Every structure is written in structure tokens, then in C-alpha cells.
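We name chains A, B, ... by the order of the sequence lines, and we start the count at 1 in each one. Computed from a predicted model, the values in this text were never measured in an experiment.
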Amino acid sequence: MATELEFRAVTRKFAAHGKGGVVTAIEGLNFSVEKGEFVAVLGPSGCGKSTLLGLAAGLDQPTSGQVLVEGQKVRGPNPRVAFMLQKDLLLPWRNLAGNIAFGLEAGNLPATEKQVRVQRELQRARLTDFAAAWPHQLSGGMRQRAALARTLAVDPGIILLDEPFSALDAQTKLTLRRSFAATIAEAGVTALLITHDVSEAIAMADRVLVMSPRPGRIIETLEIDLPHREDPLARSRHPRFGSLFDHLFEHLQHDDELVA
Amino acid sequence: MSLEAIEHTEPTSSAPPRRESARMQDAVAIIAVAVLFVTAWQFLPPLFGIPRYIIPTFSQCMVEIPVMIAQDALFAQIISSAWAALAGFVLGSLFGAACGYGLGLSPLFERVLAPYLLALQIAPKVAFAPLFIMWFGYNDLPKVLVTALIVFFPILVNVLQSMKTVDPDLVRLARAFSMRRAQIFWKVEFPASMPSLTAGLRIGATLAVIGVTVGELVGGNSGLGYLITYGEGQADTAMVFDAIILLTLLGIALYGAVAALERRILHYLPRIAHS
């Protein structure tokens, strides 16, 4: 299997505001994500999860170590990597089709190819009927689906999902997880999900990495060998779900005590 | 299908449309206030023995208008003021917006120029009118320039503010999609600034009439502001009143045009889509 994303001994330090000190956001981070794999990064808030995303997307450079995408060192924004956040970041002045086309406009795709991609993603997100709708006319769940469609439209090798469900109500969260899992399985894209929700990580991922509080390091790796990755609801009813949950929860708890 | 059913909710923020009868009531009340005001204007000054050279009545002001049309080329004066207001407004808006975007794109320039911009903003712009007349003479140029100068700042400030408050995550998203700086500006920052730009334009529209009036008061030989000084010299208070009313109507027309433009540009905002 080919490696899609790899972090090699990555450390990122920031100048602290005010005191002239240095904050180490992540330290000596080592992990890799195989092609087609769905990996969840689980950690408490402030463990450098968003730093990790910025580094993988090429928006930020490590202080030391290397980030590789498809074997190439990341030097800047890269069309093979696309991300989406908790905020849908839809442009209110564009209709849904226009928003999905947004990422395609940086490159030199012919107009017809853009059209085809937008139609493909509208269909995959089951939003074809809403192509001409304005973002404010849509529910939170539909807006997040549109954001995923925009992310997939650029045909990335890997998508980075930074807590995409955390701003939604519990009901919408469940349906949207199922929708995302099905869409990602269908697109066959590699995914890195950043979350602080243990059951979300188990329900959706092939593998879960647990990060420590700042400075973020990986303190546990857990293979989720449950069936039905494309259906998180079915997975969460699996008899072994509880023991996996307890195992991960214990690691998070353990670390909380260390901090306190 | 079940996903659609659960996730699809009706458009948010759609306040129930106000009933037609409530709207009618408002309209009746607004007209009633106008009638009350005009009646008081017509009958109270004579009642208190106030002479027409202090407060002319409503009917005296109305009678004065055909006189002004015949003797003072009122239509030409209105056109002169309207043209200057529009020209100054467009000129000031274009420069204000251009400087706002320029400074927004260059934090260094913004930091260096900020104190001078503040000073210029505090400086009373109308005080420049005599200066412009000394430089450019007794023609239409000084009043257009005063108007442009007054309109310039609110638009610059609004645009600059909006450039500084664009969601940084939107810019990060555009960068992650490998967009160039110019693309980020035209596809994200410029459209994101539209609500602030149009808010600035609305403020500018109300200020434009002030600029024109001052320009004409100080050294004009045409326009409604000139009629104010002329009427003052003749002790023709009704003429002054009429000129003030017409200048106000001019400002309302300009503001209305800008507000209509705003509704067209910002059609995608729920606040406007549902109003």
C-alpha cells in the first residue's frame, strides 16, 4: 500500500504572544496514513490538532522534521490536499453550485470539466436539487455536505476534516456522519479526521491516533477492526464498540490527570 | 431520502411577513404626521405674529417656487447641484474604495499612513472649500471636489475595516486551494467587503449634499446653495426654505438610488432577501 501522508519527527514551535517565550504546539510527531485509509486523530482541545492540519495542508511549515504527501515534501499549498473545518466557509454570495466550483477556479480546468465535477459532487452529496440555492437557505447539515462536496470537487488524494460535525445538533451529527462516511467510501479518498469525540473516531475510522495535550505527541494508536466503515450507525451498535471506547477513553482520561 | 427529510429544514430567519393591514396603518400614521406638520407650519407662525421674513408659511414657500422657476432658473440650479453631488459622490467613492482596498492589501502602508488618515478624517473637510475656490476659481470644480473629499473618508474607512475583518479561515481555504493573491482578493475579499462598501456608500450619499451645499455657499454662482445666499441677500426667506427643501429631496434621491443598488448587490443576504 502506498503512503498518502506522512509526518516524520515533526515539531512546530510558535513565538508566544507577549512574553517572548516559545510555545511548542506539537513535538516529534510521527505517523503515516495509507492510501484509502480513514484515520482519526483524537485529542483534548489545545493539543495542536489544528497545527497538524495547517502543516498537512501546506499552509504552515514545521520548525523541524518533514511532512510528506505522496512521498513529496510539502512546501506549500498542494492540490492533492483539501480541508474542511467546523465552519462550512460557504461563500454567501455564491449559490451552491458556485460554492462547490470555488476550489476548481484556482487551476486551469476547462469550463466543461468544472461543470462535470460540480454535477458529480452535487449528485454525490444529494444536493442536485439545491444547486441554485443560496447558502442561507440551507440547514447546517446540508451546508456541511456542500462543504464536503467543495472539498472533493478538486479530486484530492487526501481530505483533512477538522471537527466537521462539532457545531451541529446531536441528531444532525448522526445522520451527517453516515452521509460523510458513505460519500468518502464512495469517493475512495484518504481521510484524516480531527476530533475530540471518542465515539465519532471509533465509528468512522480505520485507525485512531490519540494525541497528548500540548505539546502534542501521539500517545496511543488503535486499529479499529470493526466492519461497516461506510455506516457509522451500524458500527456503533457493534458489541466490541464499548471495549474500544473504554480503551481510548482511558488514555484521554489518564492524560487529563497528568495535566491537572 | 430519510436523510433529506431529517436534514432539510425550511430557510431560516424568515420572519412572518407583516400583514398588509399593519403596513397600511403605518402609512396612514406617517401621512398624518406630515399633514399635522404642514398644518402647524401654515397656521402657527401667523398666530404668534411671526413675520414672513422670519418664518414664511407653507403656502408662501409653495408660491415662491414658480417665481424661482421664472426669475432664478430654478431647474438649471437644481441640475447644477444634482450634477455636482453625483459627480463628487462618484469621484469620492471611487477614490475612497480604491484607497481602502489598496491599504487593506498592504498592512505596511496601512500602519504607516493610519495616523495621517486619522488626522485628515478629523480635519473639517468643508473648510477646504475656500481653498479649492482659490485654486480652481468660481466654477463647478470646487464644489465637486469638496463633495468628493467628504464622501471619500467613510467609504475608505468602511472598506479598510472590511478588508481587515475578512474571516481568516476563508483566506486559508482559498490558499489551500492554491489560489494566487489576486484570486483571493477578487474571489473572497472583494465580494466579502460588499456589505461594508454599500454601507459606506449610503453614508457617503447623505454627506454628498452637504459638500455641494458648502461649495455653493462659499463661492458658487449656481446651484441651490447659491440660491440660499442669494435669497439671504434679498431677505427672501421663502427662497431659502425652498432651497433647503430641494437640497434635502436631492439627498433623499441619491440615498434612495444607493439603497436600491445595495439591494441588488446584496440580494444573497437573508436580511435583504426577506425584506
Does [X] have more than 12 heavy atoms from other residues, nucleotides or ligands lying within 6.0 Å of its [atom1]?
X	atom1	result
A/N108	CG	no
A/F14	CZ	yes
B/Q121	CD	yes
B/R180	CZ	no
A/Q66	CD	yes

Close approach to chain B in residues 154-167 of chain A, criterion heavy atom under 4.5 Å
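Near chain B, by residue number: A/V154.
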Where along residues 85-98 of chain A does a heavy atom come under 4.5 Å of chain B, listed by residue number?
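If one takes a 4.5 Å heavy-atom cut-off, the residues of residues 85-98 of chain A near chain B are A/L85, A/K87, A/L89, A/L91, A/P92, A/W93, A/R94.
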Test item: B/Y268 and A/Q137 side chains (from C-beta on) under 4.5 Å apart, heavy atoms
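No - every pair of side-chain heavy atoms lies 4.5 Å or more apart.
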Which residues from residues 168-178 of chain B are near chain A, with near meaning under 4.5 Å between non-hydrogen atoms?
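Heavy-atom contacts from residues 168-178 of chain B to chain A are B/D169, B/L170, B/R172, B/L173, B/A174, B/R175, B/A176, B/F177, B/S178.
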Could you please state which residues from residues 83-113 of chain B sit under 4.5 angstrom from chain A, measuring non-hydrogen atom to non-hydrogen atom, sorted by number, or 'none'?
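Against chain A, none of the residues of residues 83-113 of chain B fall inside the cut-off of heavy atoms under 4.5 Å.
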Considering all heavy atoms, the nearest B/K187-A/E105 contact:
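Closest approach of B/K187 to A/E105, heavy atoms only: NZ-OE1, 2.7 Å.
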